[in-house]
Amino acid sequence: MAAAITYEHIKTCKQSGARLGRVHTPHGVIETPTFMPVGTLATVKTMSPEELKAMDAQIILSNTYHLFLRPGHDIIKEAGGLHKFMNWDRPILTDSGGFQVFSLAEMRKITEEGVNFRSHLNGDKLFISPEVAMEIQNALGSDIMMAFDECPPYPAEYDYVKKSTERTSRWAERCLKSHARPHDQGLFAIVQGGMYEDLRRQSARDLTSMDFPGYAIGGLSVGESKQLMYEVLDYTVPLLPDNKPRYLMGVGSPDALLEGSIRGVDMFDCVLPTRIARNGTTMTSQGRLVVRNAQYARDFGPLDPECDCYTCRHYSRAYLRHLIKSDETFGLRLTTYHNLHFLLNLMRNVRQSIMEDRLLDFRDEFFEKYGLHDN
Ligand SMILES: Nc1nc(=O)c2cc3nc(NCCN4CCCCC4)[nH]c3cc2[nH]1
Ligand SMILES: [Zn+2]
């Protein structure tokens with residue numbers, strides 16, 4: 001039976017070493033490098049599935065931890081799975097809860113068995129382990145599942161990261177063993193190791209020896225500088241098999257998407273575009289633009305003159321500012337629509353630049369316009 005998730009390499013950019021590919025999943029094909037909008041609670045906040053398709057979102061991300069707490073994976077399973085529950089018939093990737101337990105839950109206690117914690121919603125005593133994380137993701141029916149891992153805090157002592165990374169490798173093996181449907185849902189392992197090259201090497205060696213259909217790079221975008229993140233990518237990405245997808249977790253600023261693609265990363269996700277949109281901060285071809293600022297009160301031009309999205313074709317900066325200042329939900333929808341369209345369009349341009357062997361030139365041109373001269 002065909003493997004659930006397969007990676008098809010199309011070409012490598014002669015100028016940058018970035019790669020163009022396709023990830024084949026039970027719910028369709030993803031062209032890479034790709035950005036995945038985040039739909040934590042089974043919705044990409046304020047967007048409908050039709051709007052996400054209109055901007056060509058090819059895959060979205062949701063969260064095991066959040067859906068476990070509310071509404072509960074049993075309800076979603078009874079609804080026929082997450083695709084049916086949220087009316088999304090394209091690929092879904094679910095994060096395993098490792099990161100969220102540590103960043104959201106209270107009173108968490110980690111043991112070899114798993115993590116005991118209290119719900120950040122109502123204080124209920126809960127427990128997630130590799131086996132529970134797999135039970136939840138199998139109930140959700142996502143196309144790509146993530147192994148249950150610990151994302152060490154940053155900074156963290158070498159010994160702590162070493163013990164944590166070795167436990168994450170043991171947990172990954174337990175996930176593989178307890179995966180109910182390996183042939184029609186793919187399970188990605190998550191490489192850890194903090195900012196320590198030898199621990200990254202050990203983690204990659206452990207996990208690639210278990211032959212997962214795809215590999216994520218975890219433990220980054222946790223407060224370290226972008227330069228340090230790129231340094232870790234420089235030596236970690238080459239440790240991963242080149243015939244499998246590579247997913248950098250939690251990364252979604254335009255510069256990091258470009259630098260990550262150049263280093264051979266295929267998949268990215270981040271709440272950034274949707275989160276900043278809700279306070280009126282937008283990403284435009286001329287850089288960040290905080291449309292709620294007074295300077296736009298009488299600016300009747302489009303948010304981004306170079307953008308052809310629904311928001312930029314029909315509404316002015318003055319109107320967007322008015323809606324955001326008035327806490328009008330439609331304003332959040334319009335800024336979210338534009339920010340997601342902006343990043344999805346950026347990734348389309350990245351793929352086109354790889355096709356034309358000019359991704360470094362594209363990066364330099366983008367940085368010049370976007371105002372990232374220091375990179
Ligand atoms: N299972 C799992 N393992 C990770 O190591 C991990 C590492 C991550 N690092 C991030 N960074 C998210 C940073 N984000 C930037 C915009 C504002 C909110 C936080 N998300 C992550 C998610 C992750 N999920
Ligand atoms: Zn736009």
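Just so it is clear, the structure is predicted and the values come from calculations on it, not from any experiment. When a ligand or atom number is given, it counts from 1 through the structure's own listing order. Because only heavy atoms are used, hydrogens play no part in the values below, and waters and symmetry mates are left out as well, while side chains stay in.
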Are F300 and Y319 close enough that their ring centres sit under 6.0 Å apart?
-> no

Whether C312 has an N, O or S atom under 2.8 Å from the Zn ion (ligand 2) | yes

Nearest non-hydrogen protein atom to atom 10 (C) of ligand 1, with distance, is G250 CA, 3.5 Å

Is ligand 1 under 4.0 Å from a heavy atom in the side chain of V251, in the backbone, in both, or in neither?
-> neither

With atoms numbered from 1 as shown, which atoms in ligand 1 lie under 4.0 angstrom from a non-hydrogen atom of G219?
-> 4 (C), 5 (O), 7 (C)

Give yes or no for whether the N/O distance cutoff of 3.5 Å, strictly under, is met between I190 and ligand 1.
-> no

Where on Q100 is there a heavy atom closer than 4.0 Å to ligand 1, on the side chain, on the backbone, on both, or on neither?
-> neither

Going by the side chain to side chain donor-acceptor pair (under 3.5 Å) test, name the single residue among T165, D206, D149, T168 that passes it with Q192.
-> D149

Would you call the rings of F366 and Y370 parallel, tilted or perpendicular if under 30° counts as parallel and over 60° as perpendicular?
-> parallel

Would you say R333's side chain and T46's backbone share a donor-acceptor pair under 3.5 angstrom?
-> yes

Would a 4.5 Å heavy-atom cut-off, applied to side chains only, mark E259 and K226 as touching?
-> no

Protein contact of atom 9 (N) of ligand 1 - nearest heavy atom, named by residue and atom, plus distance = L220 O, 2.8 Å

Where is the nearest protein heavy atom to atom 7 (C) of ligand 1: which residue, which atom, and how far?
-> F99 CD1, 3.6 Å

For atom 15 (C) of ligand 1, which candidate among C270, G252, G218 provides the closest heavy atom?
-> C270

Pairwise side-chain contact, I60 with R90, heavy-atom cut-off 4.5 Å (strictly under) | no

Within a distance under 4.0 Å of any heavy atom of S96, pick out the atoms of ligand 1 and give their elements.
-> 1 (N)

Protein heavy atom under 4.0 angstrom of atom 22 (C) of ligand 1, is there one?
-> yes

Return the orientation label for the H341 and Y337 ring planes: parallel under 30°, perpendicular over 60°, tilted otherwise.
-> parallel

Any idea which protein heavy atom is nearest atom 11 (N) of ligand 1, and the distance to it?
-> S221 O, 2.9 Å

Is it true that R275 lies under 4.0 Å from ligand 1, counting heavy atoms only?
-> yes

Closest to atom 3 (N) of ligand 1 (heavy atoms only, candidates I217, D149, V101) is D149

Is any side-chain heavy atom of M195 less than 4.5 Å from a side-chain heavy atom of V222?
-> yes

What protein heavy atom is closest to atom 1 (N) of ligand 1, reported as residue, atom name and distance in Å?
-> D95 OD1, 2.8 Å

How about R170 and E173: do any of their side-chain heavy atoms sit closer than 4.5 Å?
-> no

Scanning both residues in full, the closest heavy-atom pair of I190 with L207 reads O-CD1, 3.3 Å

Should the proximity of Q192 to ligand 1, defined as any heavy atom under 4.0 Å, be assigned to the side chain, the backbone, both, or neither?
-> side chain

Would you mind telling me if ligand 1 is within reach of the side chain of A216, the backbone, both or neither, using heavy atoms under 4.0 Å?
-> neither

Look at the aromatic rings of Y158 and Y196 and report parallel, tilted or perpendicular, splitting at 30° and 60°.
-> perpendicular

Angle subtended at the Zn ion (ligand 2) by C307 SG and C309 SG, to the nearest 10 degrees, is 110°

Does any N or O atom in L272 lie less than 3.5 angstrom from one in ligand 1, N or O only?
-> no

Atom 19 (C) of ligand 1: the protein heavy-atom neighbour that sits closest, reported with distance to 0.1 Å | V271 CG2, 4.6 Å

Would you please classify the geometry between the Y315 ring and the Y310 ring as parallel, tilted or perpendicular, with 30° and 60° separating the classes?
-> perpendicular

Criterion side chain to side chain donor-acceptor pair (under 3.5 Å) on Q100 and H66, from CA distance to verdict | CA-CA 8 Å; Q100 290 76 27; H66 292 84; 5.5 Å; no

What N/O/S atom of H338 gets nearest to the Zn ion (ligand 2)?
-> ND1

